[in-house]
Asker: 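Got a structure here, written out as structure tokens. Questions coming.
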Amino acid sequence: MLDAGFFTRHPVDCARDLIGMELVRGRCAGRIVETEAYAAVGDEAAHTHFRPSAREFVTRHRAGAAYVYFNYGMYWLAHVLVKGETDGFVLLRALEPVRGVPAMQKRRNREDIRHLCSGPGKLTIALAIDGSHHGASFVSARRHPFHFRVPESPVDPAAIVADERIGISRAKGLPWRFSLRGNACVSVRPRPSA
DNA sequence: AAGAAGATCAAT
DNA sequence: TTGATCTTCTTG
């Protein structure tokens, strides 16, 4: 499994390198096909820019901690805390289901594999991740609710696309969203250019 | 005490 | 394109 060292680099590097890794949650697992990077300082789109509680989270937790946020009154979004020369977060935006598909279908109340984890709010439902996991670790060896696994066959770096982050109103234009080219489980098809 | 904004999703 | 739904933070 990935250890804390993976998350002590720049958030953008962490976000890019997570593409292709597997997120394992109990008997379920999915291949990460979409992420976004946020920087704790100097990024107006990051929670740390306008939420004191997010800044406190960064100071109180270690690299690899789960930052789980309740969005739009309806959905939990899961991020990994990055702490190094540049602190920040990686938002987990989409997975390609790999294992435990029936359980995901039941939690999502959907059949189509492509719709189970194709968005940050969907994947937390499919994997039963919620506010009770806020502060839990993705990288602790014992008693972890979830972790990252290096895949048997790594993705071709040339298949990773960088483009603009989704759903934000500030700091648009940075190519800090990463996705796997042509993958059916990516939430929003990347825009040309960028 | 009240209001606004927000890293979404599914149905129309 | 719109409605659902609620936490955090700011303002009065």
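In the text below, chain A, chain B and the rest are named by the order of the sequence lines, each starting its count at 1.
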Asker: I'd like to compare against my own output: the B/S/- annotation of nucleotides 1-12 of chain C with a strict under-4.0 Å heavy-atom distance to protein.
Answerer: ---BBBSSS---

Asker: CG of Leu92(A) versus C1' of dT8(B): gap in Å, rounded?
Answerer: 15 Å

Asker: Run the salt-bridge test on Asp43(A) and Arg170(A) with the 4.0 Å N-O cut-off and return the result as yes or no.
Answerer: no

Asker: Do Lys172(A) and Glu164(A) sit within salt-bridge range, that is, some charged N less than 4.0 Å from a carboxylate O?
Answerer: no

Asker: Which is true for Ser169(A) with a 4.0 Å heavy-atom rule: it touches a base, it touches only sugar-phosphate, or it touches nothing?
Answerer: sugar-phosphate

Asker: Surrounding CZ of Arg189(A) (heavy atoms of other residues, nucleotides or ligands, distance under 6.0 Å), is the total greater than 12?
Answerer: no

Asker: Taking only N and O in the side chain of His47(A), is any of them less than 4.0 Å away from OP1 or OP2 of dA7(B)?
Answerer: yes

Asker: Nearest whole Å is fine: how far is dA7(B) P from Asp43(A) CG?
Answerer: 11 Å

Asker: Report the distance from atom CZ of Arg177(A) to atom P of dT8(B), rounded to the nearest whole Å.
Answerer: 11 Å

Asker: Considering every strand and a 4.0 Å limit on heavy-atom distances, what is the contact class for Arg108(A): base, sugar-phosphate, or nothing?
Answerer: sugar-phosphate

Asker: For Asn109(A) and dC9(B), give me the distance from atom CG to atom C1', rounded to whole Å.
Answerer: 14 Å

Asker: What nucleic acid atoms does Tyr69(A) come within less than 4.0 Å of, heavy atoms only: base, sugar-phosphate, or nothing?
Answerer: sugar-phosphate

Asker: Assess whether a salt bridge exists between Arg177(A) and Asp163(A), defined as any Lys/Arg side-chain N lying under 4.0 Å from an Asp/Glu carboxylate O.
Answerer: yes

Asker: Rounded to whole Å, how long is the line connecting atom CG of Leu123(A) with atom C1' of dA10(B)?
Answerer: 17 Å

Asker: Identify which one of Leu18(A), Val80(A), Val82(A) satisfies the side chain to side chain contact (heavy atoms under 4.5 Å, CB included) criterion when paired with Phe6(A).
Answerer: Leu18(A)

Asker: Would you tell me whether Arg93(A) and Ser187(A) have side-chain atoms, one donor and one acceptor, within less than 3.5 Å of each other?
Answerer: yes

Asker: In whole angstrom, what separates His134(A)'s NE2 from dA7(B)'s C1'?
Answerer: 15 Å

Asker: For DNA chain B, list all stems, counting runs of three or more consecutive pairs where every pair is Watson-Crick or G-U wobble with both distances under 3.5 Å.
Answerer: B:1-6 with C:6-11, B:8-11 with C:1-4

Asker: Can Asp112(A) and Arg110(A) be counted as an ion pair, charged N to O under 4.0 angstrom?
Answerer: no

Asker: Between Thr48(A) and His115(A), which has a closest nucleotide on DNA chain B that is more 5'?
Answerer: Thr48(A)

Asker: For dT7(C) and dA10(B), measure between their C1' atoms and round to the nearest Å.
Answerer: 22 Å

Asker: Of Arg110(A) and His79(A), whose closest DNA chain B nucleotide lies nearer the 5' terminus?
Answerer: His79(A)

Asker: Hey, are Arg114(A) and Glu111(A) close enough for a salt bridge, meaning a charged N less than 4.0 Å from a carboxylate O?
Answerer: no

Asker: What residue pairs, at least two apart or across chains, pass ring-ring contact (aromatic ring centres under 6.0 Å, His included) with a residue in residues 31-59 of chain A?
Answerer: His47(A)-Phe50(A), His47(A)-Tyr67(A), His47(A)-Tyr69(A), Phe57(A)-His61(A), Phe57(A)-Tyr67(A), Phe57(A)-His134(A)

